[in-house]
Amino acid sequence: MRMHLALPLCLLLAACRAGSPVHERAPGHEAATPAPVTLSAAPADWTPLAGQRVRIDAPLTVSGRHRLARDGALLASFDGRLFTPTEIARPGPDAAAVAASNRARRIELDDGRDDPPERGVPWYLPEHARALRTGSVLTGVEGIVERSDDGWRLRATARPAVALAPRPAPPQVGGDLRIAAFNLQNLFNGDGRGGGFPTARGAKTPEALARQVAGLVATIAALDADIAAVMELENDGYDSDASIAQLVGALNAAGPARDWRFVDAGQGPGDNAIRVGLLYRSTRVRPQGAPAMLEGGPYVAHSRVPLAQAFVPLRNGRDAGAAFSVVTVHLKSKGCRDAEGADRDQGDGQACWNATRTESARRLLAWLASDPTGSGDRIAVVGDFNAYAMEDPVRAFVDAGWRDPFDTEPAPTRYSFVFDAQSGRLDHLLLSPSLASRVHGAAKWHNNADEPDSGTPDGTPWRSSDHDPLVVGLRLRGE
């Protein structure tokens, strides 16, 4: 159920601060204000409306709030949430058509100023605005049409109604074994003994680390997974001072089972500042054999080295099914720094480093065909591909017969990341054909991507990372 509140848009955007050009009338001047132009859909061309006051009768969906703290702007869209073009269309002309549609549906809501809101974050004014998640709906939006750097904007002049997007409960999936994946957003713990802050990529203080760990523990515990694949973990070994060891310690301290363990690869994997990892519940699964790593090629300096481990399901402490493998991956990001040749942005919607990500996927497929864990062909590849669902690295797996269990998820919820007011999936779980038949549910928990990036209570799962976690349920016990 949505909660409806009538609140000034200028408050949501911090437009009521001193000097804001929000519509006011001086005492004694009661000249009639022209009636606004009424819009029931996105106009084909905003140009004839420049400088005019308009009222939008259609609902607008909050698509991005990443600029709120910088300049008080909120990005909204007609006809629902905006999706990243290559999430729903193949790269090239099809993705370009989606991008054009997104531009036509998108509108910036602002107060006409470029300076940051006073007193820091802008949602301090109305108490409820901490819950103004992406996906919330505004109705009765009114303002003056102006050009902006990114297209068109409305300078707020009226009071919209706000339907807050609710925070979802943790996902429930079927099956008897659950695999989760979660990008930890740079979990660095200093020297592991309370010093070494600020860290290279993560927490700036011990207090910030404590808040980060509390949010991660709340998220992982709520997923109730048997195995959790994690990314953006500090690459600092496996002793008691390591980030992975202290995260597992925090999970066990939260109880009640205290059965969390981690896969110890001995070193790395890889020598990147961040790495992937595997956590598991020792009362539910047991590792079989040694972990395996794929090194060399694109995994030397760009994509993080994948980590594979075979597991056997347990029931009452005894083996209860055949072995299967989980492979954690984190491919090269889309940032264009140092990109050369085929890795430059090709203008097809896949951004930079797509050639490296695609080569990483192809090498991974060839490596998995060699059965690196010695446990057969039941394999789950899970992690941050830094590629959306229709992009080449993901399609390499799908074209080879691997199954994406999230393809059957309802389209409006099929995302794990929000960037530039567009939603999509960077995080994937892909199953080999022999494992795919055992899927009994798949879900993403939208506890992060839609949330404000500050202002959430400590020790809660809300905005514990910038990525949403995923979980898949499989039927593997009692074969």
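Note that the structure is predicted; figures quoted are calculated from it, not measured.
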Study note, to complete from the structure: Rounded to the nearest 0.5 Å, the OG atom of S434 sits from the CG atom of D377 at a distance of 3.5 Å
Exercise for review: Say whether, by atom type as modelled, one donor and one acceptor occur between the side chain of Q212 and the main chain of N186 under 3.5 angstrom.
Suggested key: yes
Check your understanding: Quick check: does any side chain N or O of S282 sit under 3.5 Å from a backbone N or O of D259, one acting as donor and the other as acceptor?
Key -> yes
Revision key, fill the gap. Taking every heavy atom of L307 against every heavy atom of P291, the minimum-distance pair comes out as CD1-CB, 3.9 Å
Practice item. Locate the shortest heavy-atom distance separating F417 from D466; write the atom from each residue and the value. Key: CD1-O, 3.3 Å
**Study point:** Member of E87, H446, K444 meeting the side-chain contact (heavy atoms from CB on, under 4.5 Å) criterion with Y415
**Key:** H446
Point to revise | Any donor-acceptor N or O pair under 3.5 Å, side chains T356, D343 | key: yes
**Study point:** Donor-acceptor pair, side chain of R403 and main chain of L431, under 3.5 angstrom
**Key:** no
Check your understanding: Sub-3.5 Å donor-acceptor pair from the side chain of Q350 to the main-chain atoms of D392, do we have one?
Key -> yes
Review point. Any luck finding a side-chain donor-acceptor pair between S243 and N189 under 3.5 Å?
Key: yes
**Study point:** Side-chain donor/acceptor of R463 to backbone N/O of N448, under 3.5 Å
**Key:** yes
Point to revise | Contact summary for W260 and V248, nearest pair of heavy atoms | key: O-CG1, 3.3 Å
Output a table of donor-acceptor pairs, distance under 3.5 Å, between side-chain atoms of residues 308-318 and any protein atom two or more places apart or on a different chain; print 'none' if there are none.
| residue | atom | partner | partner atom | Å |
| --- | --- | --- | --- | --- |
| Q309 | NE2 | Q288 | O | 3.3 |
| Q309 | NE2 | G289 | O | 3.2 |

Point to revise | Which atom of V394 lies closest to which atom of F385, heavy atoms considered | key: CG2-CD2, 4.1 Å
Check your understanding: Between the side chain of T358 and the main-chain N/O of A355, is any donor-acceptor distance below 3.5 Å?
Key -> no
Check your understanding: Does any N or O in the side chain of R65 come within less than 3.5 Å of the main-chain N or O of D450, such that one atom is a donor and the other an acceptor?
Key -> no
